[in-house]
Number of protein chains: 2
Amino acid sequence: MDPHLLRTYVTVVRLGSFSEAARELGYTQSAVSQHIAALETDLALSLLTRRPVAPTPAGERLLEHAGALLLRLDAARADLDRFAAAPRATLDVAASPLALHARTLAALPATGVTLRAVPRERVPVAVATGEADAGLVDGVAAPSDPLRLPDVAPLTATGVAEEPLAVVLPTTHPLAGRTGLRLDDLVDARWLEAPTAGIPLDRLRAVHGGPAGRGFRTALRYEGGDPRTLAALAAAGHGLALLPLPLATDVPGATAVPLVAPRLVHRTELLLPAGADAEPTGPVAEFTGRLKS
Amino acid sequence: MDPHLLRTYVTVVRLGSFSEAARELGYTQSAVSQHIAALETDLALSLLTRRPVAPTPAGERLLEHAGALLLRLDAARADLDRFAAAPRATLDVAASPLALHARTLAALPATGVTLRAVPRERVPVAVATGEADAGLVDGVAAPSDPLRLPDVAPLTATGVAEEPLAVVLPTTHPLAGRTGLRLDDLVDARWLEAPTAGIPLDRLRAVHGGPAGRGFRTALRYEGGDPRTLAALAAAGHGLALLPLPLATDVPGATAVPLVAPRLVHRTELLLPAGADAEPTGPVAEFTGRLKS
DNA sequence: GCCCGTCATAAGCATTCGTGATGCGAGGTG
DNA sequence: CACCTCGCATCACGAATGCTTATGACGGGC
């Protein structure tokens, strides 16, 4: 299970073709064929169906493992490269959209900052692989509880902000007058699924603990990145939205009611490569210093 | 960063010697020397000090990455080997000591079971690498919240039991008369640290959220595996112990007071290789079926 | 000061790995 | 229906990698 073989395997699957993969990797088609053959004999398994080229069930499993492995490998290399590299004068930050709010934006240095908005799950990856010097992720957690992040590499996470959660409903909604809402009251409601602009509902489904698939049905799925649009959708009656309270206010036609049970907050965390906090100076230190104080 | 090179690197560090590592790996000393040299030139870093042989700071970092990588690699191989292997007639269970209680023990099949008690953090590893067919881990979490387990490989975790937590104190202790205790009341107390027999206090320190190092000081460290001994130590006044309530009762000279705040429970989870739940029959299915019902 | 243990380096050799050429089977085309 | 074409498998060869043996360099112990 040489990483090179895994690398060609995943590209073959991704492109659905040996020859295409060979082109992309700079090999000949023959080499790719031999790589796959080597993997299959090594594992004594058939990994791919040819014609069409698609992974077998065993191949699917290998794909999961291979992805994680190659990621960790890249992360390791990036991490160790940092050791030798000269301290950077610029700051690359990867952030999930909702992790960008007054507190985090204010901490950014005045110059030399590149800010990249990426999906939530890609933030740890970006930091681990060195694409970004630091990351900002948001998510839902119990108060002062750390987020559950996939550990692709040794990263340190520190909480930088916690805000209440609010349910956004049309002003005409029967529950709009409440001062607080319990999740139990909303299990049967229709929700807006917005993985990027909003907060994924998986966590709610898990917390609620009901049988899988029950509750929190999706009315409409919004794949854009703008929370105000999401709130507007809620105002228009397309379903309920879940947002950090500060983002949910002042939306025409919508009312934001804080979620009071279960006790959950919208939490933002700063992600750094483990060991990077030792750096005493530079833009990274400036940024993290301002965030932690 | 060939896994072979990493493998020799970690053994060199572990044994503190090139020659020893060569012997263990079945290489010549020369090969080991070249492996290390290859790594160092590839990363353009000095990884080891010679004489004595010890990792440099950069080497320490590599060690972390290498460990995780090799683990995942073994896990991947084990997982895919399972695909080809014939269904097993026996059941190997790796369990942390406190995960073994009435509920889990009752679910074990009558014959063909090997039960291995391992430290908490080794359970996921054992399941991932195929040393065990299934795992039982215990830990502390908020009610109906999953445990935080290191993801060494795609594993599925399902909760099988939750019990209240109790603080064990000498009957003569001023707080022994309470019906419930808040963690805040106990920050300044002396505690028994018992990573195997008891519940590690890290989680409490994290939940309490105080400044690092403050609170929950350790009076005595017990490295044995018997919770009753731990409770007896608490009875003898060596410090407070934290145990699942059922284990903390009926200890002479000690009183168990439930922990009421923060709301935490002692949770036991079943760990299976992801995808293994598909198996319809055999001892694994019997075990998991009984646990989930 | 000599010797022994340990790591580094050099040369030789076997194995591995990638390339180019060729074979083979499936699907499309006239 | 024969033929062509496209795409993966296989083969043989040259290059490169990796391991071994042999030797050198350096420290620490007696």
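Just so you know, these numbers come straight off a predicted model, no measurement behind them. Lettering follows sequence order; numbering is per chain, from 1.
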Return yes if a side-chain donor-acceptor contact under 3.5 Å exists between A/Ser96 and A/Asp138, otherwise no. yes
Taking every heavy atom of B/Leu147 against every heavy atom of B/Val137, the minimum-distance pair comes out as CD1-O, 4.0 Å
Base, sugar-phosphate, or nothing for A/Val53, non-hydrogen atoms under 4.0 angstrom? sugar-phosphate
d(CZ, B/Arg51; C1', C/dC4) in whole Å: 12 Å
CZ of B/Arg7 versus C1' of D/dG18: gap in Å, rounded? 17 Å
Residue among A/Phe18, A/Tyr9, A/Tyr27 satisfying ring-ring contact (aromatic ring centres under 6.0 Å, His included) with A/His35: A/Tyr27
On DNA chain C, check which nucleotide each of A/His4 and A/Gln29 is closest to and give me the residue with the more 5' one. A/His4
Under 4.0 Å, heavy atoms only, any strand: does A/Gly26 hit a base, just the sugar-phosphate, or nothing? sugar-phosphate
Mind checking if B/Ser19 touches a base, just sugar-phosphate, or nothing, with heavy atoms under 4.0 Å? sugar-phosphate
Could you state the atom-to-atom distance from CZ of A/Arg23 to P of D/dG7 in whole Å? 8 Å
Picking from C/dG18, D/dC8, D/dT20, which would you name as closest to the side chain of A/Ala31? C/dG18
Can you tell me how far the CG atom of B/Leu6 sits from the OG1 atom of B/Thr11, to the nearest 0.5 Å? 10.5 Å
Whole-Å gap separating C1' (C/dT9) and CZ (B/Phe18): 13 Å
Atom CG of B/Leu25 and atom C1' of D/dG18 are separated, to the nearest Å, by 15 Å
For the side chain of B/Ser30 and the base of C/dT9, is some donor closer than 3.5 Å to an acceptor across the two? yes
Name the nucleic acid region contacted by A/His35, choosing base, sugar-phosphate or nothing; use a 4.0 angstrom heavy-atom cut-off, strictly under. sugar-phosphate
For the pair made of CG in B/Asp42 and P in D/dT17, what is the distance, rounded to whole Å? 13 Å
Looking at B/Arg77, I'd like to know if its CZ atom is crowded, meaning that more than 12 non-hydrogen atoms belonging to other residues, nucleotides or ligands lie closer than 6.0 Å. yes
Out of D/dC8, C/dC7, C/dT19, minimum distance to the side chain of A/Tyr27 belongs to C/dT19
Between C/dT19 and A/Gln34, counting only base atoms on the nucleotide and side-chain atoms on the residue, is there a donor-acceptor pair under 3.5 Å? yes
Measure CG/A/Leu48 against C1'/D/dC8 and give the value in whole Å, please. 11 Å
Selection from C/dC7, C/dT9, C/dG20 that lies nearest to any side-chain heavy atom of A/Thr28: C/dG20
Using whole Å, report how far CD1 of B/Ile36 lies from P of C/dT9. 13 Å
